Amino acid sequence: MNRQITLAARPIGLPNESDFRLVESEIPTPGPGEVLVRTLYLSLDPYMRGRMSERKSYAPPVQIGDVMVGGTVGRVEQSNDPNFQPGDIVVGNTGWQDYAVVKARDLHKLAPSVAPITTALGVLGHIGLTAYFGLIDICHPIAGETVVVSGAAGAVGSVAGQIAKILGCRVIGIAGTDAKVKYLVEELGFDGAFNYKTTSDYGAKIKELCPKGVDVYFDNVGGAITDAVLFNLALHARVSVCGQSSLYNLEKPEMGPRFLPLLIVYRAKIEGFLVSDYAPRFGEGLRQLAIWFGEGKLRYEETIEDGLENAPRAFIGMLQGRNIGKQLVRVSS
Ligand SMILES: NC(=O)c1ccc[n+]([C@@H]2O[C@H](COP(=O)([O-])OP(=O)(O)OC[C@H]3O[C@@H](n4cnc5c(N)ncnc54)[C@H](OP(=O)(O)O)[C@@H]3O)[C@@H](O)[C@H]2O)c1
């Protein structure tokens, strides 16, 4: 049988496990040009919270009763396409389920000898690409500049901060536990970091850690953290709006200080982006990430939950910051 996790209800605030349902169905059979894939690892990502809601977004919501969407690494079980053979390891978007039938053109084959297969859902996949284009293409960081990363110990943030270090920048991270702060400074070589949950005055802390101001801000979280960074920009600062994790579970929008006048004061630029906009340049990004990875300059951490049935719990935990690095579910070994 095929176990699937479907959306049972639209969450109010932080999702509950009861917003998901585990259902069973027959294992599907691939048609012409299709491939049956067995999921090995499922990627859990904050964007999935948006798909659970009917709020206007850049992608349509998951409908009640539909299988939750998600990126996966899996193994080909049956193939009706000459480019895939049983046993091939592939990356695709097969969702929260044990098995899926997919069009062959929607799968990419992985070479397990080159890098651990889970990196295709992290540092050598959409996560690495998000950090790469969101930092380099939008912020153009220059060696010696001060770069601040929020959500810094998460999947995207930890890669963005390391890329900024590779480019010779001074990097300050913001994260939600002392263990994450220690990880950023001691393991990833950040120049400074602070725990926003034990810091009362974010602005004063940023001023202390960035005495010349913030040249580049890679924003994963929004909210009060971002407000504080924006009030400490340097002249000609660049801000990349990657995500707004602190807002995803809010039922009513929060009002922050009006910051637009600061853009005049600092002649600053703020730009949001979607990694999918960069699809034509993914080859360039993946080549560079693979080079840095091969040189040992990009490290990565994973938080792995075992069992598809535990995906809802792991997802809720990730939204609350229980992960360091990339949150994954091991669906099958
Ligand atoms: N634009 C794009 O194309 C694109 C692509 C991928 C991801 N993203 C966005 O990038 C961001 C990071 O994604 P990710 O996959 O790397 O997730 P992640 O950072 O690994 O996980 C989410 C993290 O958000 C932090 N968080 C939760 N609530 C928070 C709050 N109230 N204030 C501050 N931090 C909070 C938690 O860390 P703490 O312990 O530090 O609180 C948690 O670990 C997300 O906002 C995501 O939507 C955007």
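The shown structure was predicted, so the numbers you read here are calculated from the model rather than taken from an experiment. In listed order, ligands and their atoms are each counted from 1.
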| message | Using 30° and 60° as the class boundaries, would you call the ring planes of Trp292 and Tyr132 parallel, tilted or perpendicular? | response | tilted
| NZ/NE/NH1/NH2 to OD/OE distance under 4.0 Å, Glu302 and Lys326 | no
| query | Would you say Ile174 contacts ligand 1, with heavy atoms under 4.0 Å as the rule? | reply | no
| field | Heavy-atom nearest neighbour in the protein, as seen from atom 17 (O) of ligand 1, with distance rounded to 0.1 Å | value | Pro46 CG, 3.3 Å
| request: Could you tell me the residue and atom name of the protein heavy atom closest to atom 27 (C) of ligand 1, and the distance to it rounded to 0.1 Å? | output: Leu319 O, 3.1 Å
| task | Identify whether the distance between the nearest side-chain nitrogen and carboxylate oxygen of Lys109 and Asp88 falls below 4.0 Å. | result | yes
| query | Does the pair Lys165/Asp191 count as a salt bridge with the N-to-O cut at 4.0 Å? | reply | yes
| query | What about Val156: any of its N or O atoms under 3.5 Å from an N or O on ligand 1? | reply | yes
| task | May I ask you to decide whether Glu254 forms a salt bridge with Lys252, counting only side-chain N to carboxylate O separations under 4.0 Å? | result | no
| request: Identify, for atom 42 (C) of ligand 1, the protein heavy atom at the shortest distance, and state residue, atom and that distance. | output: Met318 O, 3.3 Å
| Are any of the N or O atoms of Phe273 closer than 3.5 Å to those of ligand 1? | yes
| message | Just to confirm my output: which protein heavy-atom neighbour is closest to atom 44 (C) of ligand 1, and how far is it? | response | Ser245 OG, 3.4 Å
| Under 4.0 angstrom from ligand 1, any heavy atom of Gly325? | yes
| said: List ligand 1 atoms under 4.0 Å from Gly243, heavy atoms only on the residue side. | reply: 9 (C), 45 (O)
| said: Between Ser79 (side chain only) and Asp81 (backbone N and O only), is there a donor and an acceptor less than 3.5 Å apart? | reply: yes
| Looking at atom 8 (N) of ligand 1, what's its closest protein heavy atom, distance included? | Cys242 SG, 3.7 Å
| query | With a 4.0 Å cut-off on heavy atoms, is Asn323 touching ligand 1? | reply | yes
| request: Output the list of atoms in ligand 1 that are nearer than 4.0 Å to some heavy atom of Gln244, sorted by atom number. | output: 45 (O)
| request: Please determine if Glu284 and Arg287 form a salt bridge, counting it only when a charged side-chain N lies under 4.0 Å from a carboxylate O. | output: no
| field | Whether Asn80 side chain and Pro30 backbone form a donor-acceptor pair below 3.5 Å | value | yes
| query | N/O to N/O below 3.5 Å, does that happen between Lys180 and ligand 1? | reply | yes
| query | Any ion pair linking Glu305 and Arg313 (charged N to carboxylate O, less than 4.0 Å)? | reply | yes
| query | Considering distance alone, does some N or O of Ala155 sit under 3.5 Å from an N or O of ligand 1? | reply | yes
| said: Please list the nearest protein heavy atom to atom 3 (O) of ligand 1 with its residue and the distance rounded to 0.1 Å. | reply: Val275 N, 2.7 Å
| said: For atom 35 (C) of ligand 1, tell me which residue out of Phe133, Tyr196, Phe218, Tyr278 has the closest non-hydrogen atom. | reply: Tyr196
| said: Testing Thr39, Asp306, Asn310, Thr118 one by one against Arg330 for a side chain to side chain donor-acceptor pair (under 3.5 Å), which residue passes? | reply: Asp306
| Can you check whether Gln320 has an N/O within less than 3.5 Å of an N/O in ligand 1? | no
| query | Does an N or O anywhere in Val221 fall below 3.5 Å from an N or O of ligand 1? | reply | no
| request: Find all atoms of ligand 1 within a distance of less than 4.0 Å from any non-hydrogen atom belonging to Ile127, and give their numbers and elements. | output: 15 (O)
| field | For atom 47 (O) of ligand 1, the protein heavy atom that lies nearest, with its residue and separation | value | Tyr248 OH, 2.8 Å
| said: If I compare all heavy atoms of Leu230 with all of Val239, which pair ends up nearest, and what's the gap? | reply: CD2-CG2, 4.0 Å
| field | Heavy-atom side-chain contact between Trp96 and Met48 under 4.5 Å | value | yes
| Side chains of Arg299 and Gln162 in contact at under 4.5 Å (non-hydrogen atoms) | yes
| request: Look at atom 12 (C) of ligand 1 and say which protein heavy atom is nearest, naming residue and atom and giving the distance to 0.1 Å. | output: Asn220 OD1, 3.6 Å
